[in-house]
Amino acid sequence: MAIRLDLDHLDPLHDAVLTWYDAERRDLPWRSPGTSPWQVLVSEVMLQQTPVARVLEPYARWIERWPTPAALAAEPAGEAVRAWGRLGYPRRALRLHACAVALTEVYDGVLPEDVDELRALPGIGEYTAAAVAVFAYGRRHAVLDTNVRRVLSRLVDGEPYPPSTLTVAERRRARALLPDAPARSARWSIGLMEIGALVCRAQTPRCDACPVRTWCRWEGAGRPAYDGPPRRGQSYAGTDRQCRGRLLAVLRSSAAAVPGAVLRGAWDDDTQRERALDSLLDDGLVVITADGKYALPA
DNA sequence: CAGTCGTGGCT
DNA sequence: TAGCCAAGACT
């Protein structure tokens, strides 16, 4: 049986996470000492639904080219989409550009520290606002990403996976577990994320290497399997998303505007291609030029 | 609130 | 092999 979690005496739990983090943390570029809040934001947006390994190279090129919000805001949004490469979900690039414009115009290029102000910026939701406030500014605030949610669900609830949507109970609990000192709470949050990424993994947990194993209800209960309703799977082949990806890849690789005939060669199904192209135009990821060709936005 | 939105690696 | 999933946001 796991040791019951005592909310009045969390120090040992905190210590276990912080000690483990100091020893096992990955040395990622956005964690190095001189990282600016803007660079933290760039990394967080790129990491939304995209694994660390695929972010490393685009991130390095991005911050070298656009070290400040003003630098990015000075260029066309299409350049952001092009530099986004194959990270996926390219609307993130568009939003990050819009965010850079807003930061430049409204905040004089300085990221706000307040989560509500951050939350109001394009592409910054609840998680990313918290991540910037905590990781860039050391504020005391709960950070609930998919890793932390899974770790706490297993540790405290004994459930293999968190609820499908973030609940108020999860927010309240995450807040209650936070160390009192802001600097300590920030490291606690990063530590939980890192445990989720390296140890308490979704499919292949490494409980033998877990620093909080002695408190874990899930491990203590023999790691019961998930038995709820089927979790929504993401199909991809043949979907509009794949079609959009193909079309955008053509535009990314071309410096000049592209005639419709070329796009036609990128996807066979006329109906689906037109639908996907319309949605790309709606999103502002693609524009039609004066001579009727297609291009990334100016 | 549930659906939509890319891409690729791992088991 | 075919799912499963990865530091979510937005509508």
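Lettering follows sequence order; numbering is per chain, from 1. Just so you know, these numbers come straight off a predicted model, no measurement behind them.
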Asks: Would A:D270 and A:R273 pass as an ion pair if we require N to O under 4.0 Å?
Replies: yes
Asks: Rounding to a whole Å, what distance do you find between A:R246:CZ and B:dG8:P?
Replies: 10 Å
Asks: In this structure, how many angstroms lie between the P atom of C:dG8 and the CZ atom of A:R92, rounded?
Replies: 9 Å
Asks: Check whether any side-chain N or O of A:R86 sits under 4.0 Å from OP1 or OP2 of B:dG8, and answer yes or no.
Replies: yes
Asks: Looking for any heavy atom pair under 4.0 Å, which part of the strands does A:A202 touch: base, sugar-phosphate only, or nothing?
Replies: sugar-phosphate
Asks: Touch check for A:R31, heavy atoms < 4.0 angstrom, all strands: base, sugar-phosphate only, or nothing?
Replies: base
Asks: Does A:Y226 reach a base, just sugar-phosphate, or nothing at all? Heavy atoms under 4.0 Å.
Replies: nothing
Asks: When you check the gap from the basic side-chain N to the acidic O, do A:E194 and A:R31 get nearer than 4.0 Å?
Replies: yes
Asks: Under 4.0 Å, heavy atoms only, any strand: does A:I124 hit a base, just the sugar-phosphate, or nothing?
Replies: sugar-phosphate
Asks: Would you say a side-chain N or O of A:Y236 is under 4.0 Å from OP1 or OP2 of B:dG6?
Replies: no
Asks: What is the distance, rounded to the nearest whole Å, between atom CG of A:D283 and atom P of C:dA9?
Replies: 17 Å
Asks: Taking DNA chain B as the partner, which of residues 40-73 of chain A come within under 4.0 angstrom of it by heavy atom?
Replies: A:Q49, A:T50, A:R54
Asks: Checking all strands, does A:L285 fall into the base, sugar-phosphate, or nothing category for heavy-atom contacts under 4.0 angstrom?
Replies: nothing
Asks: Using a strict 4.0 Å threshold on nitrogen-to-oxygen distance, state whether A:R149 and A:E170 make a salt bridge.
Replies: yes
Asks: Both A:T165 and A:L280 contact DNA chain B. Which one's nearest nucleotide lies toward the 5' end?
Replies: A:T165
Asks: Expressed in angstrom and rounded to an integer, what is the separation of A:Q242 atom CD from B:dC5 atom P?
Replies: 13 Å
Asks: Give me the distance, rounded to whole Å, that separates B:dG6 from C:dC5 when you measure between the C1' atoms they each carry.
Replies: 13 Å
Asks: Tell me whether the OP1 or OP2 atom of C:dA9 has a side-chain N or O from A:T128 closer than 4.0 Å.
Replies: yes
Asks: Please classify the nucleic acid contact of A:W84 as base, sugar-phosphate, or nothing, using heavy-atom distances under 4.0 Å.
Replies: nothing
Asks: Between A:E44 and A:Y127, is any side-chain donor less than 3.5 angstrom from a side-chain acceptor?
Replies: yes
Asks: B:dT7, OP1 or OP2 - any side-chain N/O from A:R252 closer than 4.0 Å?
Replies: yes
Asks: Classify the nucleic acid contact of A:G125 as base, sugar-phosphate or nothing, counting any heavy atom under 4.0 Å across all strands shown.
Replies: sugar-phosphate
Asks: In this structure, how many angstroms lie between the C1' atom of B:dT4 and the CZ atom of A:R91, rounded?
Replies: 6 Å
Asks: Less than 4.0 angstrom between a side-chain N/O of A:Q203 and OP1 or OP2 of C:dC4, yes or no?
Replies: no
Asks: Does any part of the side chain of A:I63, heavy atoms only, come nearer than 4.5 Å to the side chain of A:R65, both counted from C-beta?
Replies: no
Asks: Distance check, P atoms only: B:dG9 and C:dA9, in whole angstrom units.
Replies: 24 Å
Asks: Give me the distance, rounded to whole Å, that separates C:dT11 from B:dC1 when you measure between the C1' atoms they each carry.
Replies: 10 Å
Asks: State which residue, out of A:V262, A:L277, A:V287, A:L280, fulfils the side-chain contact (heavy atoms from CB on, under 4.5 Å) condition with A:Y294.
Replies: A:L277
Asks: On DNA chain B, nearest-nucleotide positions of A:R244 versus A:T204: which is more 5'?
Replies: A:R244
Asks: Is the closest basic N to carboxylate O distance between A:D283 and A:R244 below 4.0 Å?
Replies: yes
Asks: Looking at A:R61 and A:E57, is there a salt bridge between them, counting it only when a charged N and a carboxylate O are closer than 4.0 Å?
Replies: yes
Asks: Given atom CZ of A:R206 and atom C1' of B:dT11, what is their separation to the nearest angstrom?
Replies: 16 Å
Asks: Think A:R95 forms a cation-pi with A:Y89, using NZ or CZ under 6.0 Å from the six-ring centre and within 45 degrees of its axis?
Replies: no
Asks: Measuring from the side chain of A:R26 (C-beta onward, heavy atoms only), which nucleotide among B:dC5, C:dA7, C:dC5 has the closest atom?
Replies: C:dA7
Asks: Between A:N147 and A:P122, who's closer to the 5' end of DNA chain C by nearest nucleotide?
Replies: A:N147
Asks: Determine the contact category for A:R150: base if any of its heavy atoms lies under 4.0 Å from a base atom, sugar-phosphate if only primed atoms, P, OP1 or OP2 are that close, otherwise nothing.
Replies: sugar-phosphate
Asks: Name the nucleic acid region contacted by A:T146, choosing base, sugar-phosphate or nothing; use a 4.0 angstrom heavy-atom cut-off, strictly under.
Replies: sugar-phosphate
Asks: Looking only at the side chain of A:R95 (C-beta and beyond, no hydrogens), which of the listed nucleotides C:dG8, B:dG6, C:dC10 gets closest?
Replies: C:dC10
Asks: Could you state the OH-C1' distance from A:Y21 to C:dA7, rounded to the nearest angstrom?
Replies: 12 Å
Asks: For nucleotides C:dT1 and B:dG8, find the distance between their C1' atoms and express it as a whole number of Å.
Replies: 16 Å
Asks: Whether A:R139 and A:E113 form a salt bridge (side-chain N of Lys/Arg under 4.0 Å from carboxylate O of Asp/Glu) is what I want to check.
Replies: yes
Asks: Roughly how many Å is it from CG in A:L94 to P in C:dA9, rounded to a whole number?
Replies: 16 Å
